Every structure is written in C-alpha cells, then in structure tokens.
Amino acid sequence: MRLEIRLAGFGGQGIIRAGLMLAMASCIYEGKNAVQTQSYGPESRGGACKSEVVISDEDIDYPKVVEPDILVVLSQEAYNAYVETVKKGGLLLLDPGMVPLRESKNVGVRVFMIPAAKIAEQLGKTIVANVVMLGALVSITKIIGIEAFRKSLLSNIPKGTEKLNLAALRKGYEYGKKLLEEADTSLNIA
Amino acid sequence: MTKKQLEMKHPYERFLRKERMPHIWCEGCGNGIILNCFARALDELDIDLNNVVVVSGIGCIGRISGYVNADSFHTTHGRPIAFATGAKLAKPELKVVVISGDGDLFAIGGNHFIHAARRNVDIKVICANNFVYGMTGGQYGPTTPLEAWTTTTPYGNIEQAFNLVHLAAASGAVYVARWTALHVRRLTESIKKALQKEGFSFVEVISQCPEIYGRHNKMKTAISMMKWFKEASEVRNFSDPAKADISPSRIIVGEFVDVEKPSYGRLLREMKAKLQTE
Amino acid sequence: METKNKAMLSGQHFMNGDVACAEGAIAVGCRFFAGYPITPATEIAERMARRLPQVSGVYIQMEDELASIAAVLGASNAGTKAMTATSGPGFSLMMENIGLAVMTETPCVIVDIMRGGPSTGQPTMPGQQDVMQARWGSHGDYEIIALTPSSVQEMFDLTIEAFNLSETYRVPTFLLADEIIGHMWERVNIPSAKSIKVVNRKKPVTPPSEYGPFKPDEDLVPPMACFGEGYRFHATGLTHDEYGRPKTDSAEVQQDLVQRLCEKIRRNSDKIVKVDRVLLEDAEVAVVAYGIASRAALSAVRKARAQGIKAGLLRLVTVWPFPDKQVEEVAQKVKALVVPEMNYGQIVREVRRVAKETPVIFLSKLGEEPHKPLEILDALGEFRK
C-alpha cells in the first residue's frame, strides 16, 4: 500500500525537516520503505517550499508524490497551489492562522485545522510549529506510531532542544486526538 | 677533443633528463639559466631528487618539467599552482616546485597564485618573467611594460603591468624575491631559501627573451638585454614591494619578504591530530 | 549519526544522495576532495569537509572549479584517491582538465549533480542535461566512463564503482546524478568494510630505469607510478610517447596514443557496462531510462503490466561507454522503445543510433518535476493489444 504525503509552506518553517522526520520514522524505526524528496527555490528563508514523503510496504519506484493522501499546508500560497491535488477521501491538515482564505471545490477531503503556530508560540518558540503539526498528523492519521516518530524527532533536532520539541510533539498529538474525537464537527469540506 | 674531455661529466648532469636534449629554447634565452640555478640550488642543499616534484604550465619555460630529472608534471595553461596544491597536500613530504611563466601564472592562472599565497600552501613558485607570450609568437601579457611593442600592441602597450613581488607580498607569500637572469648567484641563493622555507615562497626571475621580446624593443640580442639588466638593476633588499618598479631605467631587485607563518599543511595536520585525540 | 574517526559507517541509515555519495567515496578509500560550492552538490562538499579530516584525509575548498579539478589531479598523481563534486556551470569549467586527466591517464572521480541548464539555468531544479557534455565536453577524441545512479543506495554503491573503474582503467569517471537523487532521502545499507570491493591502480613492476609511465600492459592500461616513489616520471598534456616524452610532430605517436586512450575503454566495455533488465523477457515495448527518469519508468512499466501491456524496462546504470549491445538486443525484440529524459533529447540519440529500424519515442521533460509515471504509461498504452 503506497501512501503519499505532501507538506508545503515557505522556507524557514522546517517543512523539509518535517518530511524527513516522517520518512525516517517510517523507514528506520518502523521498517517500512520511505522516500523523502523536496523542492525549494533559491531563497534560504521565505520562498515557496515543498517536501514530499512516500511510504510503502513494498519497494518504492516513483519517489515523488502524484496525488497526496495527506496534504499539510502552512501557508496561504501552499494552500492555493495544492488544495485541489488531494486524493478523494484524503486528508488536509492546515494551520488556520497561516491560511486565512479557505475556499476550495475539492469535496470529499477531510479537513483538520491545527493552530500550530499559535500552540508553538505558547510553548515559547514558533520554530517548533512544524513539530506541533506533525504531532497532530501522527495522532489523526496514525500512519506512524508515536514512539517511532519520537525517536525520529530526537535524532533530527539539535542537542539541548529535546524538551521543547517533545513538548511540541505532545501538544500537537493531543490537539489532533481531541479533533479526532470531535470528528463529526471537523468533517468539513475543504 | 681528448678522451678525458669526452668522459667529463657536467656536474649537474644528474639533474637533467639527457635524452630530452636538445631543449626547445632559443639561443640566448634566460630559461637555461633558471634551470641551471635551480639544479645548483638542489645540489647545494643536497635534496633527494626522489622527493622533488616539478610542476609547470604552458609556455616556453613550461617545458622545464620535462627536462628536470625528478617527478614532473606539465599541466594545462594556468593550472600548475592548483595542481601542485593537490600534490603537496596529498603527500606533504614532497618538495613541490612550480616553475612557469608570467602569462601562465599571472594572466590565465592569476587567481590560483593569489589564493595559494593567501592559504600559504607550502609550495615554491619560480616565475620566469620575460614580459611576453613567447611560445605563441610574442603577444603582450600581464607584465609587459607600458609602451612596449609586441605583436598585439603594434602601437605600443597601453596596459599597466603587474608588479609581481608586490602582488605576491600582498597576497600573503612568506618569502618573496626578484632577480634577473644575470644575478645567478643571488638567484640560486633565493631558490635555496625558498626550498627550505615553510610556506608559499615566490621567486621572480626577470628573464631575457631576445628572439621574441627583445627584437621588438630595440634589444635584439641576449647580450643587449642582459646589458639592460646590468645597468638598470638596483638591489634594494627588504624595500617596499609596492615600489619595486621595472622600467627601462630601473629594475628593483632583491629579497622583499621573509616572514614566518604556519603553512596550510601544518594547520591541517594540527587540526587532524586534534580530531584524533579528542 | 556518530561518525567519529570511522571510515565505514556499516549499518542501516537514512540519508540523502549527496551524503551517500560522500560516504561511498570514503568507504572505497578516497582521501582527497577539492571543490567549489555549487547547488545542488554542496552537501557532498560539506560532508567531505566534516568526514575527511576524521579519517586522515584532506578537504580543500579551492578558488574555483578550474582549480578544484587541477588539485584533484595533483593529489591523484601523488598517490591518493581523489574526487570533486559539482553541477553544470562548474562542470563546464572543469572540461579542460578533464582532458588532461584523460591524456595523462590520471584516475579521478567527478560527481555532477545535474541541475537545469544551459548557463546558470535552474540551480535548485533537476536535469539530465549534462550527459552529452560528460562524453564530449573536453576537446579531442577520448573515452570516459559515466554512471547514472537512480537511488540513494546507488549513490553509495556507484561512487565506489566509479572509483574502482577509474583506478582500473586510469580514466576520469563520472557519477552523473540529478538534483532529485542528490537531495532525496532514502534508506542506505552500508556493508562491512571487508565486503566492499576496493580496486587500486596497478603499480609498476619494472625498475625505474625501464619504466615507461605510458607503456601499456595487454589490457592497454599502463601501470602507474606516483610522485615520490622513485620513478621520476614525467607526464604532459602534450601528445607523448610511452615514456612521457612530448611528440608534437609525430603522426604515428598521435595515432597510437589517441587510439589506445579510446580502445582501453572500448575494448573493455563488456566489463565496464552495467544495465538493469526489468520484465524484458517477453516485452513487446520497452522503456530505456536512467537516473530519476528510470524511477517513473519502472512505475509505468508495472502499471502497464497490470493493464495487460507487455512492457519492460532497460535501466542504464552505465551511460558511457554507451551500452550498444544491451540496447540493440532489446531493440531487436520489441515493437518500440520509449526514452524519457529530463532534457531536450540526449541519450535518445544514442538509442536511435543503436535501435536502427525500431521506432523510438522520446519523452522530454524540463523543469521542476520529473516525468510522471502516467506520462510514460500513456506512451506505452499505444501498444495495448
């Protein structure tokens, strides 16, 4: 079973690292096959940025995402560019604070709104918004076990930031869990 | 010729690949003097030829690597310093000497010169400066004096020339000297110093090219060019390299820089040793 | 990942293609890297800068790519396995000294992580636009070897292979990857040190007085002495005889030398060339692809089979010397060949040359995204029964 995930936003949000942590969790800590690819512009900060992950029990031929099962967007621009690409029955995770204008004809996609930047801000560092988002993704989609993800997270962050990152993961995970429990209300159409 | 004379060996024969003789250089050319002084320096320092690598670029003097009886490499135009950098860093016990011309080292290869000097790579650079591209028939180059005539300055040169000792000093060379092909003893001494010095060392040799440069500039013979060297040369040891002029009336020669600074290779070894013990 | 002072990071890793390439180089014994930063190959340089000093190697950042390749040749002639890594613009600058490496038979590995060209083009986007440049970029007649990895594991494996081929044949060997493969993260299994095949250049057995640095053995490859080993050899970019003596006016020496430089690769091409054959046994249509395009091709072939189309894939692991025989063999069996490339038509010219009467459909792709499997499947769909 092939699963495609696209994460998009702008440079500096940790989009590429986020995709990497997902792929690594799946590949190294859960023994599946996973590939992460990326595309980015010449800017280190602020340009459009996209990270793609393919996870499969079988060998992965094509490493890029064609029609994402899961789309995570952290900017209005990314939302506008990719909202229509999500597979029917797929999931859309977005930060409502970063994507204020949400109008799409893509029906049949379940939408989860996670105020990742806001939660990260409450933790004291907005840079962990990506980890908050991934925590929510893990609890909502269950594509990766929380333990595997935790290990992947720890091997991808600088020393001394473990506490902050783990807190971000927990907050995001719990927020996602709560959303899922209230699933009826979150079953919006994108 | 007596039998004894036939059996006589030139004292520097062992430094040359005899089967490559005769060389391609014109009669009266200064390159032979440079080769001679280089051989004498190696001899006087008793350096093991098996540890010497001579690297040259393109141009008349570039052929010198083929004549020296050591490991030697005749690279592409402009790149001997970069090649030598790789050889020296890969095998630090080698003595790596670049011998090349003004066009090779300072026009097409100028960037490598300033950066090797800046890094203080432990290589020795001897430049035969004859003010002209000899091998291609006499076009002007980066050291051609103002107003000189060459095949591509038919109305006189309007470009300013590089002052090589100033360039070398400013770029960070730890040893810098300039002599003419007339100053054979002092030139040999400077080559010896360069060979013994740790770090990027530079010796410029003002070399006569009567055939290609001289004849366009009213000095048709080697003698007339060397007369100019003799009359114009002024030894000004450790004077300001910026003022080391070369003009029809004055050629400032001497040693200009002799300082101590850790070479790139030494810093690299220290870094690696630190990594191993950490 | 704990790397300290370890030459081999044996075990399972999740790494990107550029890093896997650096690790492959270190595993096979490369101890010298000279380079100049350029997207998307920079990660190779960064990895080498960190790793080489740990294993007593040398990393040096040169002033440009002209210097980088020259330093690599210097290091290799001093007896050290050496490499550089670059992308299109830097690759262009290296061309003259690649010719010197060919002429002086200096082993070296040049990695080109291809981006969109011509000129500065698209620095952060993938391309397969330098494959012809790798073959023909320097002046004169010559042969080189070029490998095209299509996975991160192959970035590791084929870097090792590139060094081994370069050392065996004393020829510059290229690893031609693209931005996607270079930056892609995948699982890499690094084997134990003893299970890696390491080939070193053959050394002279004759005494220095009889040694000819360009005097070939029967395989047309001369044994190689290095600086400081007492052979006192001379090498030059000029046409030279077996003893390294310049022979700029001998037609015979020029004929013999150029012929040998080409033939040492051509005659050994059966040993050099590697391809990967997938579902070709009964194939009626085949895709010929390499690098990133071969990943979409594999997906397309599988999808085609699921639809009852007898499709197969010939994946080129070696593009130079071109696998004439292998492509011809497939071409003779199928109704058509499909060649997807991230360029405007390069390897397809070779495929057409070899395929003769068999029709060849070319699928060009330029810019950010590689071919999609469905685009290749569309071309295969015409052969549905």
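A note on names: the letters A, B, ... follow the listed sequences, proteins ahead of strands, and every chain is numbered from 1. Predicted model, so just to flag it, every value in this text is computed and none were measured.
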Heavy-atom distances under 4.5 Å only: say whether [X] touches chain C with side chain, backbone, both or neither.
X: B:R118; result: neither
X: B:R20; result: side chain
X: B:R269; result: neither
X: B:I114; result: neither
X: B:Q276; result: both
X: B:L275; result: both
X: B:L94; result: side chain

CZ of B:R79 to CG of C:L100, rounded to nearest 0.5 Å, is 11.0 Å
Taken to the nearest 0.5 Å, the spacing of C:R232 CZ from B:N51 CG works out to 10.0 Å
Listed by number, the residues in residues 235-251 of chain C that come under 4.5 Å of chain B (heavy atom to heavy atom) are C:A235, C:T236, C:G237, C:L238, C:Y243, C:G244, C:R245, C:P246, C:T248
**Item:** Check against side chain to side chain contact (heavy atoms under 4.5 Å, CB included), C:Q61 and B:H115
**Value:** CA-CA 11 Å; C:Q61 197 162 297; B:H115 287 281; over 6 Å; no
Item to check | C:F227 and B:F83 aromatic ring geometry - parallel, tilted or perpendicular at 30°/60° bounds | outcome: perpendicular
Honestly, the part of C:F32 sitting under 4.5 Å from a heavy atom of chain B is side chain
Verdict with reasoning, C:E229 to B:D71, per side chain to side chain contact (heavy atoms under 4.5 Å, CB included): CA-CA 9 Å; C:E229 293 176 349; B:D71 284 325; 5.9 Å; no
With chain B, the option among C:I69, C:V58, C:V72 that has the most non-hydrogen atom pairs under 4.5 Å is C:V58
Max heavy-atom pairs within cutoff under 4.5 Å with chain B, candidates C:G57, C:C226, C:P213, goes to C:G57
For B:A90 and C:T80 the tightest heavy-atom approach is CB-OG1, 3.5 Å
